[in-house]
J.: 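Please read through the structure below; I'll follow up with questions.
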Amino acid sequence: MKHSGIATEMSKKRLSLLINNLKVIDLVFELVDARCPLSTRSSVVERLIAGKRQLIVLNKADLADPAATKQWLFHFKQEGKASLAVDSRRGDGFRNVWEDLNHYAEELSQTLQKKGRRARELRTAVLGIPNVGKSTFLNKIVGRRSAATGNRPGITKGPQWIHLQGSLLILDTPGVLPPQLKHEEAVFKLAAIGALDKRKYNSENVGEKLIKFLEARYPGSFSGYFGIPPDALSLEILAQKKKFLLPNGLFDLHRAANFLLDSFQNGKFGSFTLELPNEKCSLTT
Ligand code: G4P
């Protein structure tokens, strides 16, 4: 497998550890944010997990538009990729996760049996860019079904495994992938959902863009929540409405933008999706 270019995006040490851990993995849970499943896929993921079974998990489905999530699941199916939608905080959708896991474990056991090899557990790992909910997902899946942790004989020394129910192992630490920051649109979406370090973007620009985007795609959603006429919607009007003022008496647009983004990220004014499969916002690696 060739990894040129990846090393510039993440530290060589972290990358080599991740590649090493992935060598022994049978199934990768690739976590993405259901509000923008493409922009939250890392540009390096396909190369890193080539040849492995992959399950795309549309996490935070509770914050996404349910109709759009259905479209995404259908889209991935058309592409021959297994996917499912979950809310890792509440645990919605985890019945499907367990069904899939047991199915893959059974499939592995049959494959090994056919080859005359000894049965073993299905080894899994969680991967994704920061803040997509990897730890929350992992905690939910481990839950009360876990048993002992520890290194497994015969498996590369280093990673700690958690033994799940049945014939399943999961790596105790999710693999963190670099987000894709080459495209302005992706940066906007990552910033809007809170998956980007605040130092990497201007919250006022993102806030203004989010207002326009939501009012175009989900008319009335935003203006209705804040009680502002759609054509008057802006950060300045929001600051005025919320009485966010600077000491010099001007409107505090920065505070208005952060308030807006926080409200959006926590689903305060509804569940919205920022990209659809037919928009052709594909990854450029
Ligand atoms: P990471 O490991 O990929 O970096 O993400 P992590 O699990 O830390 O989750 C990042 C934030 O997303 C957390 O919120 C977490 O609670 C939230 N989250 C994870 N999965 C879901 C989900 O399915 N639905 C919703 N609504 N939220 C989810 P936080 O505010 O940063 O922390 P906390 O308030 O939970 O402590």
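Remember, it's 1-based here, ligands and their atoms both numbered in the order they're listed.
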J.: Taking only heavy atoms of Ser135 into account, list the atoms of ligand 1 that are under 4.0 Å away from them.
T.: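 Within the 4.0 Å cut-off of Ser135, ligand 1 contributes 2 (O), 7 (O).
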J.: Any protein heavy atom at under 4.0 Å, with atom 36 (O) of ligand 1 as the reference point?
T.: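 Under the 4.0 Å cut-off, atom 36 (O) of ligand 1 has no protein heavy-atom neighbours at all.
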J.: For ligand 1 and Gly133, I'd like to know whether there is a polar contact (N/O to N/O, distance under 3.5 Å).
T.: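 Yes; the residue has a nitrogen or oxygen that sits under 3.5 Å from a nitrogen or oxygen of the ligand.
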J.: Would you check if the distance from the ring center of Phe76 to the ring center of Trp72 is below 6.0 Å?
T.: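 Yes: the rings meet the under 6.0 Å criterion.
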J.: What is the nearest protein non-hydrogen atom to atom 20 (N) of ligand 1, stated with its residue, atom name and distance?
T.: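 Ranking protein heavy atoms by distance from atom 20 (N) of ligand 1, first comes Asn59 ND2, 3.1 Å.
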J.: Assess the side chains of Gln240 and Glu236: does a donor N or O sit below 3.5 Å from an acceptor N or O?
T.: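 Judged by distance alone, the side chains do not pair up.
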J.: Would you call the rings of Phe269 and Phe272 parallel, tilted or perpendicular if under 30° counts as parallel and over 60° as perpendicular?
T.: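 Taking Phe272 first and then Phe269, their aromatic rings sit tilted (interplane angle of 30° to 60°).
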J.: With distance as the sole criterion, is a donor-acceptor pair present between the side chains of Ser271 and Asp65 under 3.5 Å?
T.: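 The answer is no; no qualifying pair exists.
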J.: Under 6.0 Å between the ring centres of Phe244 and Phe259?
T.: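 Here the rings of Phe259 and Phe244 have centres that are less than 6.0 Å from each other.
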J.: Starting from atom 31 (O) of ligand 1, find the nearest protein heavy-atom neighbour and note its residue, name and distance.
T.: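 Answer, as residue, atom name and distance: Asn131 OD1, 4.5 Å.
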J.: Please work out whether any backbone atom (N, CA, C, O) or any side-chain heavy atom from C-beta onward of Asn266 is under 4.0 Å from ligand 1, and answer side chain, backbone, both or neither.
T.: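 For Asn266, no heavy atom sits under 4.0 Å from ligand 1.
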J.: May I ask you to check whether Val132 has an N/O atom sitting below 3.5 Å from an N/O atom of ligand 1?
T.: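 Yes; at least one N/O pair falls below 3.5 Å.
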J.: Which atoms of ligand 1 are found less than 4.0 Å from any heavy atom of Ser88?
T.: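 Every atom of ligand 1 under 4.0 Å from some heavy atom of Ser88: 20 (N), 22 (C), 23 (O).
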J.: Under the criterion side chain to side chain contact (heavy atoms under 4.5 Å, CB included), which of Leu31, Asp33, Asn131 is the partner of Thr40?
T.: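 So, applying the side chain to side chain contact (heavy atoms under 4.5 Å, CB included) to Thr40 and each of Leu31, Asp33, Asn131, only Asp33 qualifies.
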J.: Please list the nearest protein heavy atom to atom 18 (N) of ligand 1 with its residue and the distance rounded to 0.1 Å.
T.: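 The closest heavy atom on the protein side is Lys60 CE, 3.7 Å.
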J.: Within the 4.0 Å heavy-atom shell around Asp87, which atoms of ligand 1 are there?
T.: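 So the atoms of ligand 1 that pass are 22 (C), 23 (O), 24 (N).
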J.: Where on Leu31 is there a heavy atom closer than 4.0 Å to ligand 1, on the side chain, on the backbone, on both, or on neither?
T.: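 Answer for Leu31: neither.
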J.: Using only heavy-atom distances, determine whether the side chains of Ser223 and Glu215 contain a donor-acceptor pair under 3.5 Å.
T.: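 A donor-acceptor contact under 3.5 Å links the two side chains.
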J.: State, yes or no, whether a side-chain contact exists between Glu30 and Leu55 at a heavy-atom distance under 4.5 Å.
T.: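 Side chain of Glu30 against side chain of Leu55, heavy atoms only: no contact under 4.5 Å found.
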J.: Who passes salt bridge (charged side-chain N to carboxylate O under 4.0 Å, His left out) against Asp62, sequence neighbours left out?
T.: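 For Asp62 there are no salt bridge (charged side-chain N to carboxylate O under 4.0 Å, His left out) partners, ignoring immediate neighbours.
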J.: Output the list of atoms in ligand 1 that are nearer than 4.0 Å to some heavy atom of Thr136, sorted by atom number.
T.: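 Per the distance check, 6 (P), 7 (O), 9 (O), 15 (C), 19 (C), 20 (N).
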J.: For atom 26 (N) of ligand 1, what's the nearest protein heavy-atom neighbour? Residue, atom name and distance, please.
T.: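 Its nearest protein heavy-atom neighbour is Asp62 OD2, 2.8 Å.
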J.: Identify which of Lys134, Arg89, Arg90 has a heavy atom lying nearest to atom 1 (P) of ligand 1.
T.: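 Heavy atom nearest to atom 1 (P) of ligand 1 belongs to Lys134.
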